[in-house]
Asks: 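Take this structure first; my questions come after.
Just so we're on the same page: letters track the sequence lines, and every chain starts at 1. Scope of the values below: all heavy atoms of this structure, side chains included, with no hydrogens, waters or symmetry mates.
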Amino acid sequence: MVKEVERAGIPVVHVCTVTPISMTVGANRIVPAIAIPHPLGNPALDKAEEKELRRRIVEKALNALTTEVDGQTIFE
Amino acid sequence: MAKLKVVHYINQFFAQIGGEEKADYPVELRVGEVVGPGMALTANFKDDAEIIATIVCGDSYFNENLEKAKAEILGMVKEQAPDVFIAGPAFNAGRYGVACGTIAAAVQEELGIPSLTGMYVENPGADMFKNQVYMISTKNSAAGMRDAVSKMAPLAVKLGKGEAIGASAEEGYMPNGVRVNFFEKERGSQRAVKMLLKKLAGKPFVTEFPMPDFDRVDPNPAVKDLAHAKIALVTSGGIVPKGNPDHIESSSASHYGEYDIAGVMDLTEETYETAHGGYDPVYANEDSDRVLPVDVLRDMEKEGIIGELHHLFYTTTGNGTAVASSKAFAAEFSAKLKADGVDAVILTST
Amino acid sequence: MGQKNYIVITNNPLVSEKLHETHGVVYKEASYEELLTEVRDRIHEGHTLLTHPLSGSVKPNETPYKSVLISSGKGEIDERSLSIIENAIQACRKFEDKTGRYSARVLKDFQLIDWTLLESGLASADAW
Amino acid sequence: MRLEMGHIYIKDIQFASESKIEDGILYVSEEAVKAVALEDEKIKSASFDIARPGESVRITPVKDVIEPRVKVEGRGGIFPGVIAKVDTVGEGKTYALKGMAVVTAGKIVGFQEGIIDMTGPGADYTPFSKTLNLVMVCEPVDDIKQHDYEKAVRFAGFRVAAYIGELARNLTPDETKVYETCTIKEGMEKYPDLPRVAYVQMLQSQGLLHDTYVYGVDAKKIVPTILNPTEIMDGAIVSGNCVSACDKNPTYVHLNNPVVHDMFEQHGKTINFVCQIITNENVYLADKMRSSDWTAKICKMLDLDGVIVSQEGFGNPDTDLIMNCKKIEAEGVKTVIITDEYAGRDGKSQSLADADAAADAVVTGGNANQVIILPKLDKVIGTLDYVTKIAGASEETLRADGSLEVELQVLTGATNETGFNKLSAR
């Protein structure tokens, strides 16, 4: 799926829990997520902390989108 | 037995009306006429089938008036009520190939009349329609006409008679994702030895079972001006409005969801949920922002960090590991995203 | 790998009966696919698959029984485990469910086969 | 190592008062073979029948199919570590009775599978519709454990096959084929310009009804090792595998392994057939890792250029197959893999339970989920009681006219993954 977006000419960042799978499916910009049932959240945290966590991941994703890459790159 | 009735679709070029300068030629029905490649088809039908009408349409006309042309042609085909519909062959002509695929798929789907077409494997129409209608694999130019019709005619007869269709390798159509058994001339071990010899010699060989698509696409250039960029959200995590109005299936969904989030600031337990069956849904149902971060992006939109959050998001229920399944509809919504002027996409997976 | 280092997840009463006193056993009354889903959720939590979920050549939904070994410890999500379990769940759906048609005697045979498949995994697990 | 295979063509099998082979006809004393089967006290009774190609006969549930052979010169005997004493086999002279097989049938567990039709559409798919079959159905003593029953029938089949094979000891073969391999150094000197090729055979090894034996050793307990390819012709590998009829390897397939034979065809011409590598398909994932690591290591150590990898069974061996392929390719050794498919009845599902881009050269034995209608046949050897329970059979299995609607998976050998058949799919 991520490849088709890229193929259409739109830069795309893949936020994904299992980054090796993201590599396999051909994403170029990859940001690791938290866990499979809650990639951009953590129910163990309180609401405010959780949103802060989510914001950090989205910031990483935006950072990836504004960074030139040469092939597959994981933004840890 | 009566001959099968065939309606044949060709473009202005093969109808010998003219080339590019005549590509705006409108749809025309010629009842009782056999035109151009129809002659060769007729010769190959022997006594099994006959062309009862030919539909001619310019390639530009078809592609620029898609819905109108489609409706006109469907009307004509319906009226002729053939047993089989044949479009092309289109060889390497791109717009003609897309037209052949579009109309053959439409006739089959909307009129229930078995249809087929033929074209070169690299014709853009091939990837778009080979899984929807039988598509004979042809050479890349009209010099391959004889070969093309020698495969299309017998397949058309089989389709018209409702006979069992053999494997792609036997019938000459492009592999369409449906595996069909057949008997080879040699046993498997001999085929394996021959394949190995070719592979060792660096010669081309054809695998009998292609693995899912592992191709790569080069990265697009980075977003230059985030503060004015339109960002869209896409997820394979199955986030849908509460109640799953489009009935997206829980796995390997046959369609994708497109939902408007204009004015939505936060995804709540009352308004959104996941349709995905591939993980424990409790956390996503409690707060779908955990999969699709609308709340955070709205904040950033307000703060001017990003230009805007696109008002539509797209959702599927693909597994992280299922590589091939969602390709077709991803291509479709990606085209929409492009058309809507989206600058970048955040795609979240579980 | 000692017995404390793995958990048996099973819907096979014979396995539960044989192991519950000595091993960590999670017994669920569940269908074959539901059992695999149970395993998948644990892999999502960071457990690692130790035996192949499609162990044996008896087809899913032909046999109702399945027993799988996973690590008792948790860590990062194991990609290989994830891809194996997801493919196994997909594979289940290719076979129609015949499990409602068997006599008690045949069910016993299926339980035994599932047990012997697991047993061969246990032998390997206990070897370290 | 050099093995001379003498082929004796059997034209018919008949019951007679004395067992012998005369003018290509195998005469079998029912009493004598019964006595051979009953040598094991766990077997209560054994009955024998003959099924010929073209006859309206269905054999089910099939356990194993065995080609009778006899070792006439050289070390060891047929089925070393099982029937003959442990000794390395694969050299000297061996006779095989071609065109026939000993088929063991009978239910060991309630869902036992495996159909051989001697005529009709099913006969096109099972290779054992083309052999003259001496069928043995064994009943065990009461209250026997399934493990013991399986073993008893497995051994009875080998004993009967060995007994029949022995009848050929003093005959003159109709045809002789010579199979000769070189040692590593010899091969490099003799065929310096030919690619070095081996055959990697994966053996089913998971538990009761899922086992394979190598010189009598349970294959789940081996680490990958190398064989001289002629060893299998003397029965170095035998089947204890009764599940997944379509893609398990009966002993007949091990004896006549098609990859070994087709590689020998090319040996010294287009390839240097270095050896056979055997590995297993265990339940435990770390075992799969170890075995595939070792297989790749052996390929590397032998400086191979290419291998063919064959699979056995359904589901989890897909993982072994892909691991083997990926790791061997990573060592710079080119691979072709042989598998079969479970693409669903409509052919639209993902065929394998694993995939990797390295597996770019695949030979398939066809889609085992394909539905086939088997007409009612005049005679059943064994029992149809369990057909409704067998793999692939559905509720509507027995239709009103007595025909069976089944998937190819119930037919013995139909989608064999050593490339035994012509069936394929696209």
Asks: Looking at A/Asn28 and B/Val217, would you say the former's side chain and the latter's main chain have a donor-acceptor pair under 3.5 Å?
Replies: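 Between the backbone of B/Val217 and the side chain of A/Asn28 there is a qualifying donor-acceptor contact (under 3.5 Å).
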Asks: Heavy atoms only, distances under 4.5 angstrom: which of B/Ile306, B/Leu292, B/Val296 has the most pairs with chain A? Name it, please.
Replies: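 The answer is B/Val296.
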Asks: Check B/Asp299, B/Asp295, B/Asp289 against A/Lys51 for a side chain to side chain donor-acceptor pair (under 3.5 Å) and give me the one that passes.
Replies: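 Among the candidates, only B/Asp299 passes.
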Asks: Check each atom of A/Thr67 against the heavy atoms of chain B and say whether the ones under 4.5 Å are side chain, backbone, both or neither.
Replies: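 Just its backbone gets close to chain B.
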Asks: For the interface with chain A, which of B/Val223, B/Leu347, B/Asp287 has the highest count of heavy-atom pairs at distances below 4.5 Å?
Replies: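 Most heavy-atom pairs within the cutoff with chain A belong to B/Leu347.
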Asks: Measuring heavy-atom distances to chain A, does B/Thr235 have an atom under 4.5 Å in its side chain, in its backbone, in both, or in neither?
Replies: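 B/Thr235 touches chain A through backbone heavy atoms alone.
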Asks: Distance check, rounded to the nearest 0.5 Å: B/Asp343 atom CG versus A/Leu65 atom CG?
Replies: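 These two atoms lie 10.5 Å from each other.
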Asks: Mind ranking A/Gly41, A/Pro11, A/Ala61, A/Gly26 by heavy-atom pairs under 4.5 Å with chain B and telling me who comes out on top?
Replies: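 Option with the top pair count is A/Pro11.
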Asks: Distance check, rounded to the nearest 0.5 Å: A/Arg55 atom CZ versus B/Leu297 atom CG?
Replies: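 Those atoms lie 9.5 Å apart.
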Asks: Could you tell me the separation between the OG1 atom of B/Thr350 and the CD1 atom of A/Ile34, rounded to the nearest 0.5 Å?
Replies: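 That separation rounds to 14.0 Å.
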Asks: Give me the atom names and distance for the closest heavy-atom approach of B/Asp280 to A/Pro37.
Replies: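 Looking at all heavy atoms of both residues, the closest pair is O-CB, 3.6 Å.
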Asks: Tell me, for A/Val18 versus chain B, whether the close heavy atoms (under 4.5 Å) come from the side chain, the backbone, both or neither.
Replies: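 Neither part, no heavy atoms under 4.5 Å.
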Asks: Does any backbone or side-chain atom of A/Glu59 lie under 4.5 Å from a heavy atom of chain B? Answer side chain, backbone, both or neither.
Replies: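 Interface part for A/Glu59: both.
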Asks: Under 4.5 Å, heavy atom to heavy atom: which of residues 262-269 of chain B reach chain A? Give them by number, or say none.
Replies: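 Those residues of residues 262-269 of chain B which would need a heavy atom under 4.5 Å from chain A do not exist here.
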Asks: B/Ser349 and A/Pro39: which non-hydrogen atoms are nearest, and at how many Å?
Replies: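 Result for this residue pair: O-CB, 3.6 Å.
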Asks: Do you know the tightest heavy-atom contact between A/Ile10 and B/Val342?
Replies: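 Nearest heavy atoms, A/Ile10 then B/Val342: CG2-O, 4.0 Å.
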Asks: Which atom pair, heavy atoms only, marks the closest approach of A/Arg29 to B/Pro221?
Replies: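 That would be NH2-C, 3.8 Å.
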Asks: Enter the distance from A/His14:NE2 to B/Ile346:CD1 here, rounded to the nearest 0.5 Å.
Replies: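 Reported value, rounded in 0.5 Å steps: 12.0 Å.
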Asks: Distance from B/Tyr279 atom OH to A/Thr17 atom OG1, nearest 0.5 Å?
Replies: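 Result: 10.0 Å between the selected atoms.
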Asks: Any idea which heavy atoms bring B/Val234 and A/Met1 closest together, and the distance?
Replies: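 So the minimum-distance heavy-atom pair works out to CG1-CE, 4.1 Å.
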Asks: Can you name the nearest heavy-atom pair linking A/Lys3 to B/Arg216, along with the distance?
Replies: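 For A/Lys3 and B/Arg216, the tightest heavy-atom pair comes out as CD-CA, 4.4 Å.
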Asks: Stepwise, does the side chain to side chain contact (heavy atoms under 4.5 Å, CB included) test hold for B/Glu332 with A/Glu4?
Replies: CA-CA 9 Å; B/Glu332 193 177 315; A/Glu4 300 315 308; over 6 Å; no
